[in-house]
Amino acid sequence: MREGTGIAPPEPRKLRPRSVAAQVFALQLLVLLLLAVLSDVTLVYETRSQAVRRARDQALAVAAGFASSPGVATALKSRNPTAVLQPQAEEARRTAGVDFVVVLSRDGVRYTDARPDLIGKRASGDFSRALAGESYTELFMGAPTDSVRAVVPVTDADATVVGIVTAGQEIGTVSSTFYRQLPLLAAVAAGSLASATGAAWLVSRRLRRQTHGLGPTEVTRMYEHHDAVLHAAREGVLVVGEGGRLSLVNDEARRLLHLPADAEQRSLSDLGLPSSMVRLLASEQSVDDAVQPVGGRLLAVSVRRTDRGASGPSGAVATLRDTTELRALAGRVDVARARLELLYRASSEIGSTLDVVRTAAELADLVVPQFADVVTVDLFEPVLRGDEPAPDVASSLRRVAVRGAVETWPWHEVGSRSEYRSAEQPGQTTEGGGTVLVSDLAQSQDWRRPDPEGAQRVLQLGYHSLIAVPLRARGVVLGVVMFWRGSRSPFQPDDVSPAEELTARAAVCIDNARRFTREHATAVSLQRSLLPQGLPPQDAVEVAHRYLPAQSGVAGDWFDAIPLSGARVALVVGDVVGHGLQAAATMGRLRTAVLNFSALDLPPEELLFHLDQLVELLDAAHQAGSEEHTVTGATLLYAVYDPTNGRCVIGCAGHPPPALVLPDGQVKFVDVPTNLPLGLGGVPFQTAEIDIPQGSRLVLYTNGLVESRSRNTAAGMELLRSVLARTEPGCESTCSTVIDAMVPDRPYDDVALLVAATRRFPAEDMAQWDVPSDFAAVGAVRAQCMRQLESWGLGDMDFTTELILSELITNAIRYGVPPVTVRLLRHHVLICEVRDASSTAPRVVQASEFDEGGRGLFLVAQLADRWGVRYTRHGKVIWTEQSLAQDQHPRVAI
């Protein structure tokens, strides 16, 4: 009480939770508001997009029509295109209703414009696509104003682009149409929201009456209790209402009392129960654990009245417990022990390999006969390829494993395909997320539909029950496992759990194997994409090759055949340490580096030196980035064959030596200095130079060909020698014979094989002269070269070749060191070579207008298709290549 007043303070009011109806109304209102906002945003965006699209289409039509108008191309070639085209462009702009129609030169200079002050100025933007002959539209942001414009090339009769037409509308013009529609969109949205709010209020009012104003917590708790009593409780529960009618019965009570499906709302006396049981349930007294025999079971029955004065319904609640199950408890313990032992074995025996089919077979081998008489495993087709089955996409199943007491399973054999169909039946699907239990095959029809004849044979063999469990890993179904029984008791609901656990263990292992298969396929695809897709034709050699990826993972083996100057060819085989995608990517980097270094015509020892330095730089970058993969240890064999003299220079960096198959069939391994692998550095690279008789075969390979788990390198090389001695002369047949004889079906390492049959350059296609160190001798040598071209039937090339030789020979005499030699090679191209003893590097200079010299190599570069410099031990060679189809008097800008 307050002092001096005698009035007690009011008690604080308790905040009652909001009702379900109120929350539903608020949620509906929020959802409707979000939908209204999203729909308005979508309409606004679509309206603006349509305005822009219309502007694009209109601009393209105007620009294309004006560009193709008669006289436009002719006007662009006239002396004053503006005078002719400006009136036409303005008339087209006004007629079409666009903001501008602009005609540009090829350089982007405006010939016409809606704003005359811009005529003669360069337009903004990139018009390279139009100059290439492409018409397109774009949203242009820049001077003089932002716009939606179309760009169309103007072509003449020869399809040559002589100008560009742009037409379009400014952004402000396009947006004005869009802004005019906004009030209507807002009015529609407001009306829709008001209508939806009224409908939501009516729904919430109806819901409030049905839920008696209960809050969500009370409703959820009531549902959870009701659901637990009906389905999850292991005791039978019955609610008996007025007049002895059954108001509610849960699953356990229905099972114990063998009640029909329509038992609820029926009288107890109509349910076929013993009279003593009916009297006990209808009793007005409370009962504790009264034992009643029902259907061969002893049930402990307890009854409580539900009367709670005037507020509660009259009736009773009865609970039932099956005491007969205690007798079977000891037997269940033995069954549980056997199942635990089976699950323990599954953890160690399933997944011993990363092979999808083998893992499925391990599951089947484990389960039969301890758990089932027959087990079948079906996997989706994408899983066998390493892919993940796409949801909601139809895919067939392939049977990969069958184990059981029968020699031939009559219902889909191993390797057969079938469409994926669920075998679920009402009342038989367990809570295992798709697991299906069929306790009586004879009574069920759904499982027979894929193969009725095979299903009939299964029944004739005596099989009576099955459990079908989906192979699910990471939420994705990979296939289906079916457990069948015939010689033991039918499957029961208790058998579902161990079947699911065994399948779950196998699913994880199969998914790991699938992912490994996918990664392996990806690495193989990357490796093959980085390897040469087709070696260029070589006149110096005939080439054949093979590449086989490792079964356990792609390594970095690779090969190449690279054309060089002077009709020579470089043969390359390499091996990068490691396996997987990283090794394949590193292989691609090394192959690219070899291609680039080969373009410089470096000798093998210098090329290996530069590669060694590159590997050191790559490893330093890896270490700086804390990456584990390194390149050090990569091996390489680089051989340069010259068909003009049959000489081959071979450089090796830690790679197995090549084999040489002579024309008489004798096989020997070339004695090449091994050197250190790439990346170790510190020691100069040594090379070997050999003479190769015409018709010989040079065999380059990686260590995966000669090494295996069953033989060492020495034994492998001897085996290779014996195999090569028996091969046919052809390169393709040599590759096939070697691979078939030396590579197993599942190689543990990559194998790269390159076979090159050598050829000699015909003597009649070569000519060579020594040049005295006298400028007066240039004319005589040049005349001899021209006579040689005439004898080869290349007289139409004498003018160009004479200019090239004059410049090269003169430069060699002036800047080089004797002796000077000129050589011509008639190849698929005409090769001119001028050799001298100096190592000075020639370079192309840009001579000014009044310089008297400095244009020699510039002239050579203009006349020849290709040219370059090759350094030798005794000087350098400047070479050029000319196509045999050149004109007699080409035009050259000097």
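Worth knowing before you read on, the calculation uses all heavy atoms, side chains too, and leaves out hydrogens, waters and symmetry mates.
R814 is linked by a salt bridge (charged side-chain N to carboxylate O under 4.0 Å, His left out) to nothing, counting only residues two or more places apart in sequence or in another chain. Applying the side-chain contact (heavy atoms from CB on, under 4.5 Å) rule to D770 yields the partners T821; only residues at least two apart in sequence or on another chain are considered. E764 meets the side-chain contact (heavy atoms from CB on, under 4.5 Å) test with P762; sequence neighbours excluded. In this structure, R711 has no salt bridge (charged side-chain N to carboxylate O under 4.0 Å, His left out) partners at least two apart in sequence or on a different chain. Checked against salt bridge (charged side-chain N to carboxylate O under 4.0 Å, His left out), R474 has the following partners two or more places apart in sequence or in another chain: E388, D511. Considering only residues two or more places apart in sequence or on other chains, A757 meets the side-chain contact (heavy atoms from CB on, under 4.5 Å) condition with E542, R697, C731. In this view, T713 and V706, E707, M717 satisfy the side-chain contact (heavy atoms from CB on, under 4.5 Å) rule, not counting sequence neighbours.
Taking 4.5 Å as the limit, every side-chain heavy atom of R782 sits out of range of all side-chain heavy atoms of I809. In this structure, D612 and F685 have side chains that are in contact, with non-hydrogen atoms separated by less than 4.5 Å. Residues W558 and V572 have side chains in contact (heavy-atom distance under 4.5 Å, counting atoms from C-beta outward). Considering only heavy atoms from C-beta on, Q882 comes within 4.5 Å of I804 through its side chain. Taking 4.5 Å as the limit, every side-chain heavy atom of F597 sits out of range of all side-chain heavy atoms of E606. Using a 4.5 Å cut-off on side-chain heavy atoms (C-beta onward), T880 and V834 make no contact. Using a 4.5 Å heavy-atom threshold, the side chains of V569 and P563 count as separate. Contact annotation: the side chain of D557 approaches that of Y547 to within less than 4.5 Å [non-hydrogen atoms, C-beta and beyond].
Here the SG-CZ distance, from C832 to R823, works out to 11.5 Å after rounding to the nearest 0.5 Å. Atoms CG and CZ, from L602 and R870 in turn, are 12.5 Å apart once rounded to the nearest 0.5 Å. Rounded to the nearest 0.5 Å, atoms CD (E881) and CG (D865) are 8.0 Å apart. For the atom pair L824 CG and D765 CG, the distance stands at 11.5 Å (nearest 0.5 Å). Here the CG atom belonging to L825 is positioned 5.0 Å from the CD1 atom belonging to I831, to the nearest 0.5 angstrom. L595 CG to L590 CG: the interatomic distance, rounded to the nearest 0.5 Å, is 11.0 Å.
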Side chains of residues 652-670: which donor-acceptor partners sit under 3.5 Å, not counting sequence neighbours?
from: H655; atom 1: ND1; to: T635; atom 2: OG1; distance (Å): 2.9
from: H655; atom 1: NE2; to: Y701; atom 2: O; distance (Å): 2.6
from: D664; atom 1: OD1; to: Q666; atom 2: N; distance (Å): 3.1

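No side-chain donor-acceptor contact under 3.5 Å links R591 to the backbone of D560. Counting only distance, with no hydrogens or angles, the side chain of T810 and the backbone of E807 share no donor-acceptor pair below 3.5 Å. One N or O on the side chain of Y641 and one on the backbone of R759 form a donor-acceptor pair closer than 3.5 Å. Side chain of T800 to main chain of M797: no donor-acceptor pair is present (N/O by atom type, distance under 3.5 Å, no hydrogens or angles).
Under the salt bridge (Lys or Arg N to Asp or Glu O under 4.0 Å) criterion, the residue pairs touching residues 722-743 are R546-E732, with sequence neighbours excluded. Every pair tested for side chain to side chain donor-acceptor pair (under 3.5 Å) that includes a residue from residues 676-688 fails, sequence neighbours excluded, so the list is empty. Within the structure, salt bridge (Lys or Arg N to Asp or Glu O under 4.0 Å) pairs that include any residue of residues 564-573 comprise R568-D601 (at least two apart or interchain). Applying the ring-ring contact (aromatic ring centres under 6.0 Å, His included) rule to pairs touching residues 749-773 yields F761-H827, sequence neighbours excluded.
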Please assess Q788 against S791 for the test side chain to side chain contact (heavy atoms under 4.5 Å, CB included), listing each intermediate value before the final yes or no.
CA-CA 5 Å; Q788 184 63 53; S791 66; 3.1 Å; yes
Step-by-step side chain to side chain contact (heavy atoms under 4.5 Å, CB included) determination, D750 to T702
CA-CA 8 Å; D750 280 20; T702 57; 5.8 Å; no
Derivation of the side chain to side chain contact (heavy atoms under 4.5 Å, CB included) call for L884 and H828
CA-CA 7 Å; L884 298 182; H828 59 274; 5.8 Å; no
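Heavy atoms of other residues, nucleotides or ligands lying less than 6.0 angstrom from OH of Y815 number 12 at most. More than 12 heavy atoms of other residues, nucleotides or ligands sit less than 6.0 Å from atom CG of D774.
For the side chain to side chain contact (heavy atoms under 4.5 Å, CB included) with T801, the lone residue among L789, L794, L863 that qualifies is L789.
Closest of all the heavy-atom pairs between L700 and L571 is CD2-O, 3.8 Å. Counting all heavy atoms, side chain and backbone alike, L607 lies closest to V594 at CD1-O, 4.2 Å.
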